[in-house]
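Naming: A, B, ... by sequence-line order, numbering from 1 per chain. Since we're looking at a predicted model, the values are computed, not measured.
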Amino acid sequence: MTPSSLLATSAVRAAPALIGWRLRFRKQEAVIAETEAYQGLADRACHASKGRTPRTDVLFRESGTVYVYLCYGMHWMLNLVCDEIDEPAAVLIRGVEMPGSDPRRSNGPGKVTRQLGIDGKLNGTRLGEALELLPPLAPSPRLRRGPRVGVEYAGPRWSAKPWRWWRNGFPVVRPDLRPPPEQ
DNA sequence: CTCTAGATCTAT
DNA sequence: TAGATCTAGAGG
């Protein structure tokens with residue numbers, strides 16, 4: 001499994017598969033521990049549901065493109081673009097684990113980028129340039145899943161989708177969230 | 001041009 | 001539970 005084949009599929013399939021893969025940036029290494037999928041024009045939680053705009057353009061590009069945007073005026077969100085060209089989809093990196101670092105320093109999307117020193121300059125670059133994606137070193141961990149965080153604005157149909165995954169035992173923020181009864 | 005909401009985090 | 005901080009996108 002190569003980084004390109006991993007991402008050349010829907011975000012809903014790529015997001016759980018990415019857990020355990022490693023990100024390398026400026027000599028730092030981080031193991032992906034929590035992800036969320038944003039899939040397609042129909043997904044009201046996905047920025048691309050607003051259409052192709054200057055901001056969402058990167059989502060329509062080739063898988064392996066890096067999408068970074070500023071949230072709440074102060075937090076950078078790191079995403080990896082998935083799926084085919086012109087099919088907007090991305091996985092949000094919500095949590096990582098770094099050797100010798102308290103995981104509570106990197107268990108949220110804003111914390112991830114702050115910890116690694118990632119900002120908007122990475123937006124539109126491709127994996128392999130500044131940011132690298134490397135295969136797991138350990139066997140696939142057991143995963144847990146639940147609804148995405150902070151997307152209530154998308155309406156109940158989309159905010160209830162259990163499109164968030166994390167490594168069992170990872171100290172996720174908002175552990176109060178439970179998977180919906182059915183989807 | 002103005003206005004508003006937002007894929008969050010931290011301290012209170 | 002509120003405040004920080006700022007920009008894309010929508011509306012006039």
A/T53 vs C/dG9: side-chain N/O to OP1/OP2 distance below 4.0 Å: yes
Base of B/dG6 and ring of A/Y153 stacked, centres under 5.5 Å, planes under 30°: no
N-O pairing of A/E97 and A/R167 below 4.0 Å: yes
Length of the line joining A/L59:CG and B/dA7:C1', which is rounded to integer Å: 12 Å
Value in whole Å for how far the C1' atom of B/dA7 lies from CD of A/Q39: 15 Å
Counter-base of B/dA7, judged by Watson-Crick or G-U geometry with both distances under 3.5 Å: none
Nucleotide nearest A/R55 (side chain, heavy atoms from C-beta), chosen from B/dC9, C/dG9, C/dA4: C/dG9
Nearest to side-chain heavy atoms of A/R94, which nucleotide of B/dT10, B/dT8, C/dA4: B/dT8
Residue closer to the 5' end of DNA chain B, A/N107 versus A/A154 (nearest nucleotide): A/A154
Atom pair distance, as rounded to whole Å: CG in A/L70 and C1' in B/dC9: 13 Å
C/dT1 and B/dA7, which share atom name P, separated by this distance in whole Å: 22 Å
Side-chain ion pair, A/E36 and A/R148, N-O less than 4.0 Å: no
Sugar-phosphate only, base, or nothing, as touched by A/M77 at under 4.0 Å among non-hydrogen atoms: sugar-phosphate
Below 4.0 Å: OP1/OP2 of B/dA7 and any side-chain N or O of A/H47: yes
Residues, nucleotides or ligands: over 12 heavy atoms within 6.0 Å of A/E132 CD: yes
Other residues, nucleotides, ligands: >12 heavy atoms within 6.0 Å of A/R52 CZ: yes
Length of the CZ-C1' vector between A/R52 and C/dG9, whole Å: 17 Å
Phosphate contact (B/dT8 OP1 or OP2) by A/R114 side-chain N/O below 4.0 Å: no
Under-4.0 Å side-chain N/O to phosphate OP1/OP2 contact, A/Y69 with C/dA8: no
Worked verdict on A/V12 versus A/W163 for side-chain contact (heavy atoms from CB on, under 4.5 Å): CA-CA 7 Å; A/V12 175; A/W163 286 359; 3.6 Å; yes
Euclidean distance, atom CD1 of residue A/I93 to atom C1' of B/dA7 [Å, nearest integer]: 13 Å
Nucleotide B/dT8, atom P - distance to CH2 of A/W76 in whole Å: 15 Å
Nearest-Å distance for atom pair NE2/P, residues A/H75 and B/dA5: 19 Å
Short side-chain N/O contact to B/dT10 OP1/OP2 from A/R105, under 4.0 Å: yes
Sugar-phosphate only, base, or nothing, as touched by A/G73 at under 4.0 Å among non-hydrogen atoms: base
Per A/P54 side chain, nearest of listed nucleotides B/dT10, C/dG9, B/dT8: C/dG9
Quiz item: cation-pi between A/R55 and A/Y69, 6.0 Å / 45°: yes
Spacing between A/Y72 atom OH and B/dG6 atom C1', to the nearest angstrom: 5 Å
